[in-house]
There are 2 protein chains.
Amino acid sequence: MTKAALLELEPRKTPQQSRSVATVEAIHDATIQVLLKDEPDRLTTVRVAERAGVSVGTLYQYFPNKQALLFAVLERHLLGTAKALEDACAANHFQPLEVMMDEVVNRFIDAKLVDRDTSVALYRIAAEAGGNLILERTRKRYETAMTAMLQTANLPASADVNYMVHMIYLTMAGTIRGHLESSAPPRMTRKLREHLAKLLVAYCKAV
Amino acid sequence: MTKAALLELEPRKTPQQSRSVATVEAIHDATIQVLLKDEPDRLTTVRVAERAGVSVGTLYQYFPNKQALLFAVLERHLLGTAKALEDACAANHFQPLEVMMDEVVNRFIDAKLVDRDTSVALYRIAAEAGGNLILERTRKRYETAMTAMLQTANLPASADVNYMVHMIYLTMAGTIRGHLESSAPPRMTRKLREHLAKLLVAYCKAV
DNA sequence: TGAGTATATGAATGAAAGTTCAGGTTTTTA
DNA sequence: TAAAAACCTGAACTTTCATTCATATACTCA
């Protein structure tokens, strides 16, 4: 993605008055609602605006184009989960490995489940919308926080912490995505929490 | 997805003569090539037809609509990987856990890497195109084969083989997808193979 | 209160894409 | 070899959608 292309994702205008703050907020929410209602290709700017109770013109005052809208919505969501994971890591330095993994897994799943539907809807648009860019950014934040935490754990001396952390990220993000996208009923989430935590502990000890 | 909707994904006509077999083949390949060239939303039926060296009309003789085309291409790819995994499982009954996991992981990654670009391109369309349907179907095949294999391994008596197998599937599919979609250089794939196999072995023993 | 700024409107524009179909060519069949 | 069946063509039709802009309303502050 070129620099010019990135610029086009920036907001066109920042809300000044409170009514426009509310408008932008409403547009954010409406985007997700529309995304949930149908296939992603039925997400049109007009539909989003209608759902938000404003006109298309208003939408275009704050977002230079449709992609920027998706980008913004995705970013907001990922920053939320990143924050959750960073907090979980920071709060568990020097804990036993079992506690670390249990906390990290559960806070991450919690963050994705706060609004399960939103998470699922956003997976669908992550590929477009410069999603890779945001994903890479948040991945780095995850890995930094996790590395800091794991350096306070007692791991096998042979451990390649860098790759280990990356593997943990791939595993968490991947399994949770797979789980949410499948038609697995909510009660299965409990099993996922358990098994994922166990799996990661076993891996850390074995490396 | 309703029954009527499923019907609309079925091929409109099956090729009889060899030239039309070649045509359909060309359309399959062209679809992937177009998908690789640009963003998924630039995948047009006209573009695919052009690339395949036929006219749009011809395309519509064999595929009732665009979605059916994507469905068919995705299906072909997933059946390939399913076959690879089934073979790997069948060939390793009664082996030590380490061998089982090593083989399964490596044959699965191999299948995805035969044409790395194709795999990546198809991830992008898996969400549309009734992709969930095919994914569920192949998941079941994966899990059946893996269950059969693992029942010949000596696992901890407490093991819940059913969920274990599912967890293994989520982990493999998820990490490999994450790896392929990221910008990780090919040399990192070796590390993934190693760590993924180790991780799964550790998990099986710990459950 | 009134000028200046921020915000909202929504019909109109133009480009893009999915799909059809009437008419042609090639292959098979009898 | 002639009719039938399979196959191919691509301009034309239709719908859908992103985006703009001239105009109107609401808010702020001096």
* Looking for any heavy atom pair under 4.0 Å, which part of the strands does A:V54 touch: base, sugar-phosphate only, or nothing? -> sugar-phosphate
* Asked: With sugar-phosphate meaning primed atoms plus P, OP1 and OP2, does A:L43 contact a base, only sugar-phosphate, or nothing at under 4.0 Å between heavy atoms?
  -> sugar-phosphate
* Ion pair check, A:E75 and A:R137, cut-off under 4.0 Å -> yes
* Kindly write out the residues that satisfy ring pair (Phe, Tyr, Trp, His ring centres under 6.0 Å) with B:F108, not counting sequence neighbours, or none if the list is empty. => B:Y142
Output one line per pair: protein atom, nucleotide atom from nucleotides 21-29 of chain C, and distance, for all N/O pairs under 3.5 Å.
unit_1 : atom_1 : unit_2 : atom_2 : d
C:dT26 : O2     : B:R19  : NH2    : 3.4

* Structure fact -> Sorted by chain and residue number, the side-chain hydrogen bond (donor to acceptor under 3.5 Å, both in side chains) partners of A:K140 (sequence neighbours excluded) come out as none
* **Gap between atoms CG and P, on B:L69 and C:dT19 respectively (whole Å)** => 10 Å
* Contact class for A:R47 vs. all strands (heavy atom < 4.0 Å): base, sugar-phosphate, or nothing? -> sugar-phosphate
* Which is it for A:R141 and A:L79 under the side-chain contact (heavy atoms from CB on, under 4.5 Å) test, yes or no, and what are the steps along the way? -> CA-CA 10 Å; A:R141 285 181 58 180; A:L79 289 183; 3.3 Å; yes
* Structure fact -> Whole-Å distance, A:F63 CZ to C:dA8 P, equals 12 Å
Could you pull out every donor-acceptor pair under 3.5 Å between side chains of residues 30-37 of chain A and any protein atom, sequence neighbours left out?
unit_1 : atom_1 : unit_2 : atom_2 : d
A:T31  : OG1    : A:I27  : O      : 2.7
A:Q33  : OE1    : A:R51  : NE     : 2.8
A:Q33  : OE1    : A:R51  : NH2    : 3.2

* Non-neighbouring partners of B:D29 that pass side-chain hydrogen bond (donor to acceptor under 3.5 Å, both in side chains), sequence neighbours left out -> B:R76
* Which pairs count as side chain to side chain donor-acceptor pair (under 3.5 Å) when at least one residue sits in residues 160-169 of chain B, sequence neighbours excluded? -> A:K191-B:D160
* Asked: Got a sec, which residues hit side-chain hydrogen bond (donor to acceptor under 3.5 Å, both in side chains) with A:R47, two or more places apart in sequence or on another chain?
  -> A:T44
* To do: Return the set of residues passing salt bridge (charged side-chain N to carboxylate O under 4.0 Å, His left out) with B:R187 (not counting sequence neighbours), or none when no residue passes.
  => none
* Interatomic distance where CG belongs to A:N65 and C1' belongs to C:dA15 [whole Å] -> 16 Å
* To do: With sequence neighbours left out, write down each residue that passes side-chain hydrogen bond (donor to acceptor under 3.5 Å, both in side chains) with A:T58, or none if nothing qualifies.
  => none
* Which is true for A:T45 with a 4.0 Å heavy-atom rule: it touches a base, it touches only sugar-phosphate, or it touches nothing? -> base
* Is there a residue in residues 22-38 of chain A whose heavy atoms reach under 4.0 Å of DNA chain D, and which residues are they? -> none
* **Atom pair distance, as rounded to whole Å: CG in A:D41 and P in C:dA17** => 14 Å
* Which residues satisfy the salt bridge (charged side-chain N to carboxylate O under 4.0 Å, His left out) test with A:E50, sequence neighbours excluded? -> none
* **Where chain B begins and ends its contact with DNA chain D, read 5' to 3' at 4.0 Å from heavy atoms** => D:dA6 to D:dG10
